Amino acid sequence: MLKYFYRFNIGGVTSVNENELWNKIKSKFRTDPKYDNINFNTWIGPATPISYDGNVFVLELPTDLHRDYWEKQLVSKFIEYAYEITQTDVTPKFVVKGEDTPDSNTANIRDFHNKNRVPERPRVDPHLNPNYTFERFVIGQGNQMAHAAALAVSEDPGKVYNPLFFYGRVGLGKTHLMQAIGNKVLAANPNAIVKYVTTEKFTNDFIDAIQNSKMQEFRKMYREIDLLLIDDIQFLANKEGTQDEFFNTFNALYENNKQIVMTADRLPNEINSLTDRLVSRFKWGLSVDITAPDLETRAAILRAKAKSEGLEVDGSIMSYIASQIDSNVRELEGALARIKAFADLKQEPITIDLVSEALRPLKLDKERSAITPETIIKTTANHFHITAKDIKGKKRVKAIVVPRQIAMYLSRELTDNSLPKIGDAFGGKDHTTVIHAYDKISEKVTTDIDLRNQIEDLKNEIRH
Ligand SMILES: Nc1ncnc2c1ncn2[C@@H]1O[C@H](COP(=O)(O)OP(=O)(O)OP(=O)(O)O)[C@@H](O)[C@H]1O
């Protein structure tokens with residue numbers, strides 16, 4: 001391709017040639033905090049200046065995708081920078097490498113091959129954990145809805161809820177449930193193309209494809225999927241290029257009635273800088289949250305895990321472990337593994353003493369005993385901008401009654417104190433008042449997301 005290297009003069013201002021101008025523009029992009037290294041190396045670095053005649057700047061880009069990206073995301077910055085440098089309006093023109101010299105012969109050959117190709121089902125590794133099945137998933141109050149939706153989708157992918165979106169805190173079974181859909185779909189139809197991918201992997205594959213000019217393969221692979229399971233999409237935050245590509249993948253699959261299942265630790269509209277068009281698409285289907293399992297479910301999960309590992313543990317010991325660990329299922333599993341290792345090492349049966357010894361380094365008992373209704377009352381009062389005296393008092397206004405009930409609920413959840421003892425700490429209330437408050441809040445958290453978040457925040461504040 002011809003390159004022009006010349007300087008010329010407009011009104012006494014010495015103009016720069018395309019290389020000089022491009023280098024200056026590049027350094028401006030480099031120092032702009034909006035464009036980090038990955039962004040710069042992916043989109044800006046691979047561009048080549050072709051010509052600049054004082055008005056039009058021709059920039060060659062390696063792929064169509066780069067052109068799209070430049071036209072949508074970078075063009076205005078380019079114009080702004082070019083103006084700062086030259087004090088003139090520069091119009092950029094983007095050309096894709098090789099496009100202005102199409103080799104018709106090669107194109108014809110490629111066409112021929114495309115038309116005569118025998119369609120084949122590509123082999124895609126689904127990346128599923130065979131243990132993440134519906135059979136091994138224990139249903140409880142916090143995951144009932146999510147489980148039902150997952151099951152419905154696995155029986156009729158692409159038809160009922162598309163996309164299906166699970167959200168919730170870490171370690172509560174989102175990945176397990178989404179992969180259960182994949183395992184079930186594959187069991188029913190071994191030819192289905194199922195792919196589980198984390199958002200991190202999707203991003204890396206995408207960047208890799210751009211850097212190695214493999215976008216076509218990348219797109220083809222993702223667009224032939226029947227069931228796409230994409231985990232932790234909160235990691236799309238602040239990644240505009242990947243969001244664009246995911247948007248295209250999403251549309252291609254959706255239009256072909258292919259099922260998409262996603263997870264995140266929060267709702268789509270709470271993900272930082274997730275573009276509105278993605279947020280609105282994610283809302284087309286169904287979003288379900290998974291919340292922390294209650295005591296009963298935690299014990300049931302433990303029983304199921306112990307059974308699958310051939311561990312014999314008494315029911316009351318299970319309840320004890322479940323009462324000690326109320327954060328998430330992953331930690332529950334970790335505790336069980338720890339107890340098993342401890343029993344093996346000591347060659348002793350699993351008893352309450354052994355369990356409490358095994359879990360001691362996790363400081364669970366200590367943590368529990370360090371938390372008292374007093375600390376809970378104080379923290380809750382602060383949180384709601386009232387006083388501990390209000391909580392212990394008898395005022396019946398809503399602004400005090402609700403925090404009082406929450407503090408009672410937390411005192412039951414986080415301490416081993418008996419009901420009368422909790423009642424005493426709350427200014428001598430009867431134990432039936434504590435039960436009433438506990439039941440009321442337990443019921444409310446199942447439907448009120450704000451309350452649930454507030455309680456989670458409070459638990460964290462109390463623990464730390
Ligand atoms: N209801 C359940 N029944 C049985 N096992 C469960 C249940 N919920 C979670 N688990 C187990 O807990 C562990 C953590 O679950 P998972 O990885 O699915 O959580 P997650 O919500 O995807 O968390 P993260 O956001 O950290 O990826 C897994 O081993 C999973 O099998």
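Keep in mind that this is a model prediction, so the values were computed, not measured. What you see below is based on every heavy atom in this structure, not just the backbone, and it leaves out hydrogens, waters and symmetry mates. Counting convention: from 1, in listed order, for ligands and their atoms alike.
The backbone N or O of D276 sits nowhere less than 3.5 Å from a side-chain atom of R281 that would complete a donor-acceptor pair. For the pair N143 (side chain) and V138 (backbone), a donor-acceptor distance under 3.5 Å is present. Looking only at distances, no side-chain donor or acceptor of N212 sits under 3.5 Å from a matching main-chain atom of K214. In terms of modelled atom types and a separation under 3.5 Å, the side chain of R223 and the main chain of A252 share no donor-acceptor contact.
Within the 4.0 Å heavy-atom cutoff, Y132 counts among the residues contacting ligand 1. For Q179, the heavy-atom gap to ligand 1 stays at 4.0 angstrom or more.
On a distance-only criterion, V138 and ligand 1 share at least one N/O pair closer than 3.5 Å. Of the N or O atoms in K174, one or more lie within a sub-3.5 Å distance of an N or O in ligand 1. Considering backbone and side-chain N/O atoms, I301 never comes within less than 3.5 Å of an N/O atom of ligand 1. On a distance-only criterion, F137 and ligand 1 share no N/O pair closer than 3.5 Å. Residue L177 places no N or O, backbone or side chain, under 3.5 Å from any N or O of ligand 1.
Atom 5 (N) of ligand 1 has its closest protein heavy atom at K305 NZ, 3.3 Å. Considering only non-hydrogen protein atoms, atom 19 (O) of ligand 1 sits nearest to G173 N, 3.1 Å. Among all protein heavy atoms, the one lying closest to atom 17 (O) of ligand 1 is R330 NH2, 3.0 Å. For atom 22 (O) of ligand 1, the closest non-hydrogen atom of the protein is T175 OG1, 2.5 Å. Nearest protein heavy-atom neighbour of atom 18 (O) of ligand 1: H176 N, 2.8 Å.
Comparing heavy-atom distances from atom 23 (O) of ligand 1 across G140, G142, G171, A264 singles out G171 as nearest.
A salt bridge links K305 to E333: at least one charged side-chain nitrogen sits closer than 4.0 Å to a carboxylate oxygen.
Inspection of the D353 and S356 side chains reveals no N or O donor paired with an N or O acceptor under 3.5 Å. Using modelled atom types and a 3.5 Å distance limit, the side chains of D231 and Y196 yield a donor-acceptor pair.
Each of D125, L128, I225, L229 was checked for a side chain to side chain contact (heavy atoms under 4.5 Å, CB included) with K195, and the lone residue meeting it is I225. Across T198, T199, N204, a single residue satisfies side chain to side chain contact (heavy atoms under 4.5 Å, CB included) together with K201, and that is T198.
Interface of N143 with ligand 1, defined as ligand atoms under 4.0 Å from a residue heavy atom, comprises 1 (N). Every atom of ligand 1 is numbered from 1 in the order shown, and the set under 4.0 Å from a heavy atom of V329 is 6 (C), 7 (C), 8 (N), 9 (C), 10 (N), 11 (C), 12 (O). Near E333, with a cut-off below 4.0 Å to any heavy atom, the atoms of ligand 1 are 11 (C), 12 (O), 13 (C), 28 (C), 29 (O), 30 (C), 31 (O). Short contacts between ligand 1 and R136, defined as distances under 4.0 Å to a heavy atom of the residue, involve ligand atoms 3 (N), 4 (C).
Aromatic ring pairs are classed by plane angle as parallel below 30°, tilted from 30° to 60° and perpendicular above 60°; the pair F218 and Y222 is tilted.
Taking the centre and axis of the six-membered ring of F40, the NZ or CZ atom of R30 falls inside the cone set by 45° and 6.0 Å.
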